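Written out below as structure tokens is the structure these notes cover.
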Amino acid sequence: MKYLVRDKIFAIGDDYWIEDEHGRRAFLVDGKALRLRDTLELKAPDGRVLITLRQKMFSLRDTMTIERDEQPLATVRRKRLSLLRNHFRVTLVEGTELDVSGRILDREFAVEYEGELLAHISRRWLHVRDTYAVDVVRDDTDPALLIAVAVCVIRMAERERED
């Protein structure tokens, strides 16, 4: 299943619908204004909060956390000792690790678990400006989590480029 995400919508205070490949509203992104740290919520169409993304404050390395039901679900960090600049590690609370690598700033990258592709992020076949697709390859994966991972690594790569 593919999900279409607008690129420039993830600013504090911005709200935006992510649509599936059939044009149906799949997730609402709610950028929380007036918070001490960068916070976004990914909501179901009925308004339930599915995932919360937060920039971790006071961290030695740029880190974002992904939460579900106000409990930590995953931590996203740039991979240490990687020769590839665009390589991130996502550590789920139960210890599972996902690898994210590719051309993050070009929106051409993959999310893998032990070498198996879970999602491919690309804007290659889209004609809509400032939009990329999150193509969830496996049916048994959590699309909200994979969209959250894509958003986190893009935000972190863009922040690093600005520094």
Side-chain angles (χ1 to χ4, degrees), residues 2-21 26-43 49-68 72-92 97-113 117-137 141-163:
K2 286 185 183 162
Y3 298 91
L4 302 180
V5 183
R6 278 206 196 139
D7 225 358
K8 302 298 178 192
I9 54 99
F10 294 105
I12 300 304
D14 287 354
D15 293 349
Y16 175 75
W17 283 100
I18 294 174
E19 297 176 345
D20 68 15
E21 61 191 331
F27 303 103
L28 175 67
V29 176
D30 185 357
K32 293 295 181 183
L34 303 174
R35 299 273 176 109
L36 178 61
R37 54 189 178 167
D38 196 0
T39 303
L40 296 167
E41 291 179 341
L42 195 60
K43 297 180 177 181
V49 176
L50 302 172
I51 300 272
T52 303
L53 312 174
R54 297 184 199 278
Q55 177 184 1
K56 205 164 187 183
M57 301 299 283
F58 311 114
S59 176
L60 292 176
R61 293 187 300 151
D62 196 15
T63 303
M64 290 190 77
T65 58
I66 299 172
E67 300 172 2
R68 178 172 280 141
L73 179 62
T75 303
V76 182
R77 292 185 179 94
R78 176 164 302 290
K79 189 173 179 184
R80 285 190 204 182
L81 305 173
S82 174
L83 298 175
L84 300 172
R85 232 183 99 109
N86 289 312
H87 200 150
F88 290 82
R89 170 80 26 98
V90 179
T91 306
L92 302 176
E97 292 186 339
L98 307 179
D99 286 313
V100 181
S101 62
R103 297 185 326 270
I104 307 293
L105 295 174
D106 292 334
R107 309 311 185 253
E108 295 292 334
F109 60 96
V111 180
E112 298 178 333
Y113 170 66
L117 182 66
L118 299 179
H120 181 247
I121 291 73
S122 178
R123 65 166 48 142
R124 188 175 329 164
W125 293 289
L126 298 176
H127 301 292
V128 181
R129 187 175 173 201
D130 294 332
T131 301
Y132 60 91
V134 176
D135 186 4
V136 179
V137 176
T141 56
D142 180 354
L145 174 61
L146 295 173
I147 290 169
V149 167
V151 170
C152 285
V153 298
I154 289 169
R155 287 181 81 85
M156 292 169 70
E158 287 179 342
R159 254 192 243 115
E160 184 178 279
R161 179 181 62 187
E162 291 170 0
D163 291 344

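No hydrogens, no waters, no symmetry mates; every other heavy atom, side chains included, goes into these values. Every value quoted in this text rests on a predicted model; they were computed, and no experiment measured them.
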Glu158 and Leu105: side chain to side chain contact (heavy atoms under 4.5 Å, CB included), yes or no, with the steps? CA-CA 7 Å; Glu158 287 179 342; Leu105 295 174; 3.7 Å; yes
Going through the distances and angles, do Val29 and Leu42 end up as a side chain to side chain contact (heavy atoms under 4.5 Å, CB included)? CA-CA 5 Å; Val29 176; Leu42 195 60; 3.8 Å; yes
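Annotation for Tyr3 and Val136: closest pair CE1-CG2, 3.9 Å, computed over non-hydrogen atoms. Annotation for His120 and Ser122: closest pair CE1-CB, 3.4 Å, computed over non-hydrogen atoms.
Looking at Leu53 and Arg155, their side chains never come closer than 4.5 Å, going by heavy atoms from C-beta outward.
Rounding to the nearest 0.5 Å places CD1 of Ile66 at 8.0 Å from CG of Leu92. From Lys43, atom NZ reaches atom CZ of Phe27 across 14.0 Å, with rounding to the nearest 0.5 Å. A distance of 4.0 Å separates CD in Glu67 from CZ in Arg54, rounded to the nearest 0.5 Å. A distance of 5.0 Å separates CG in Leu28 from CH2 in Trp17, rounded to the nearest 0.5 Å. From Arg77, atom CZ reaches atom OG1 of Thr65 across 10.0 Å, with rounding to the nearest 0.5 Å. The line from NE2 of His87 to CD1 of Ile104 is 9.0 Å long, rounded to the nearest 0.5 Å.
Phe109 meets the ring-ring contact (aromatic ring centres under 6.0 Å, His included) test with no other residue; sequence neighbours excluded. Residues passing the salt bridge (Lys or Arg N to Asp or Glu O under 4.0 Å) test with Arg89, sequence neighbours excluded: Glu97, Asp99.
With hydrogens and angles disregarded, a donor-acceptor distance shorter than 3.5 Å links the side chain of Glu108 to the backbone of Arg123.
A side chain to side chain contact (heavy atoms under 4.5 Å, CB included) with Ile121 is found for one member of Asp135, Val153, Val134 and no other, namely Val134.
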List, one per line, each side-chain donor-acceptor pair under 3.5 Å for residues 141-152, sequence neighbours excluded.
residue: Thr141; atom: OG1; partner: Arg138; partner atom: O; Å: 2.8
residue: Asp142; atom: OD1; partner: Ala144; partner atom: N; Å: 3.1
residue: Asp142; atom: OD1; partner: Leu145; partner atom: N; Å: 3.4
residue: Asp142; atom: OD2; partner: Arg68; partner atom: NH1; Å: 3.2
residue: Asp142; atom: OD2; partner: Arg68; partner atom: NH2; Å: 2.4

